Amino acid sequence: MEFMDVVRERYACRKYEDRPVDQSDLDAILEAGRLAPTSTDQQEQHVYVIRFESGLEKIDELSECRYGAPLVLMITYDKTDVYEYPGGKYDSGVEDASIAVTHMMLEATERGVGSCWVNVFDPDKVKAAFDLPEKEQVVAMLDLGYPAADARPSAKHDHRKLISELVTYL
């Protein structure tokens, strides 16, 4: 697919086939996240692959948004290894992890794998449930799986604001 086709085709998939994601597809998706740009090349993100029933059951207890996906990526960042922006008001952690998630979503679309960015959860409860290191901050979970035959984008998917509403030239 051409890049803009991938961007147009990607949607939040909320219904998946009942089959595992092929390892070659998963490897390519993870590689896209690894290659994502990060502030000063900190690469502070970490991805946990949750595909066993025990882990997926925990996800279901922590969020209502797995939608039956056979695999969930949990994306965190190391709070002790971020670039602190001048002025000290924020750092690169959330944005760098978010860039990695976006790259993985787009690679998933390229490979015919559906995805849904999940942020409906309590990060502290997720961290505790999976016994993550104290230094890690959970940013997102990414459902992955092959879309069911009747999976469709939300009704608002194609309703985009005009570029003039989103961009101001100064």
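Heads up: numbering here begins at 1 and tracks the sequence. Worth saying up front: this structure is predicted, and the values here are computed from it rather than measured.
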Novice: Taking atom OH of Y90 as the centre, does the number of heavy atoms from other residues, nucleotides or ligands within less than 6.0 Å exceed 12?
Specialist: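 It does not: Y90 OH has 12 such atoms or fewer within range.
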Novice: Answer yes or no: are there more than 12 heavy-atom neighbours, outside E53 itself, under 6.0 Å from its atom CD?
Specialist: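 Counting neighbours around CD of E53, more than 12 heavy atoms of other residues, nucleotides or ligands fall under 6.0 Å, so yes.
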Novice: Would you say CD of E64 has more than 12 non-hydrogen atoms from neighbouring residues, nucleotides or ligands within 6.0 angstrom?
Specialist: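 Check fails, neighbour count at 12 or below.
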Novice: Using 30° and 60° as the class limits, which term best fits the ring planes of Y48 and H46: parallel, tilted or perpendicular?
Specialist: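 It falls in the tilted class, 30° to 60°.
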Novice: Same cluster for V47 and I50 if Ile/Leu/Val/Met/Phe/Trp/Tyr side chains link at under 4.5 Å?
Specialist: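 Per the 4.5 Å side-chain linkage, V47 and I50 are not co-clustered.
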Novice: How about NZ on K79, more than 12 heavy atoms from neighbouring residues, nucleotides or ligands closer than 6.0 Å, or not?
Specialist: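 Yes, enclosed.
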Novice: Taking all non-hydrogen atoms of both residues, which atom of V139 and which atom of F121 are closest, and how far apart?
Specialist: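 Looking at all heavy atoms of both residues, the closest pair is O-CZ, 3.9 Å.
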Novice: Honestly curious: do V118 and F130 fall in one hydrophobic cluster under the side-chain, below-4.5 Å linking rule?
Specialist: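 Yes, one cluster joins them.
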Novice: I'd like to check T38 versus Y77 (side-chain heavy atoms, cut-off strictly below 4.5 Å). Are they in contact?
Specialist: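 T38 vs Y77: side chains apart.
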Novice: Charged N to carboxylate O below 4.0 Å: is that the case for E61 and K58?
Specialist: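 K58 and E61: not salt-bridged.
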Novice: Hey, is CG on D27 packed in by over 12 heavy atoms from elsewhere, all under 6.0 Å?
Specialist: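 Enclosed: over 12 neighbouring heavy atoms sit under 6.0 Å from CG of D27.
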Novice: Tracing side-chain links under 4.5 Å among I, L, V, M, F, W and Y, which residues wind up in one group with L162?
Specialist: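 Members other than L162 - counting any ILVMFWY side chain reachable under 4.5 Å - there are none.
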Novice: Would you please name every residue forming a side chain to side chain donor-acceptor pair (under 3.5 Å) with E134, sequence neighbours left out?
Specialist: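 Once residues adjacent in sequence are excluded, E134 has no partner under the side chain to side chain donor-acceptor pair (under 3.5 Å) criterion.
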Novice: Under the salt bridge (Lys or Arg N to Asp or Glu O under 4.0 Å) rule, collect the residues that match up with D91, sequence neighbours excluded.
Specialist: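 With neighbours one apart ignored, the set is empty.
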Novice: How far apart are the closest heavy atoms of A97 and T76, and which atoms are they?
Specialist: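 Looking at all heavy atoms of both residues, the closest pair is CB-O, 4.3 Å.
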Novice: I'd like to know whether L26 forms a side chain to side chain contact (heavy atoms under 4.5 Å, CB included) with L73, so could you lay out the CA-CA distance, the side-chain angles of the two residues, the decisive distance to 0.1 Å, and finally the verdict.
Specialist: CA-CA 10 Å; L26 178 58; L73 302 181; 4.2 Å; yes
Novice: Evaluate the ring planes of Y11 and H157, with Trp represented by its six-membered ring, and classify them as parallel (under 30°), tilted (30 to 60°) or perpendicular (over 60°).
Specialist: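 If you compare the ring of Y11 with that of H157, the planes turn out perpendicular.
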Novice: Only one of R111, H103, M104 clears side-chain contact (heavy atoms from CB on, under 4.5 Å) with E107; which?
Specialist: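 Per the side-chain contact (heavy atoms from CB on, under 4.5 Å) rule, the option paired with E107 is R111, out of R111, H103, M104.
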Novice: Could you state whether V72 and L142 fall into the same hydrophobic cluster, counting links through intermediate Ile, Leu, Val, Met, Phe, Trp or Tyr residues with side-chain heavy atoms under 4.5 angstrom apart?
Specialist: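 No, because V72 and L142 fall into different hydrophobic clusters, even though each may have its own neighbours under 4.5 Å.
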Novice: Hey, quick one: are L132 and L56 part of the same hydrophobic cluster, counting side-chain heavy atoms closer than 4.5 Å, chains of contacts allowed?
Specialist: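 Yes: a chain of side-chain contacts under 4.5 Å links L132 to L56.
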Novice: Assigning hydrophobic clusters by single linkage (Ile, Leu, Val, Met, Phe, Trp, Tyr; side-chain heavy-atom cutoff under 4.5 Å), is Y85 placed with V94?
Specialist: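 No, it is not one cluster - the side chains of Y85 and V94 are not joined through contacts under 4.5 Å.
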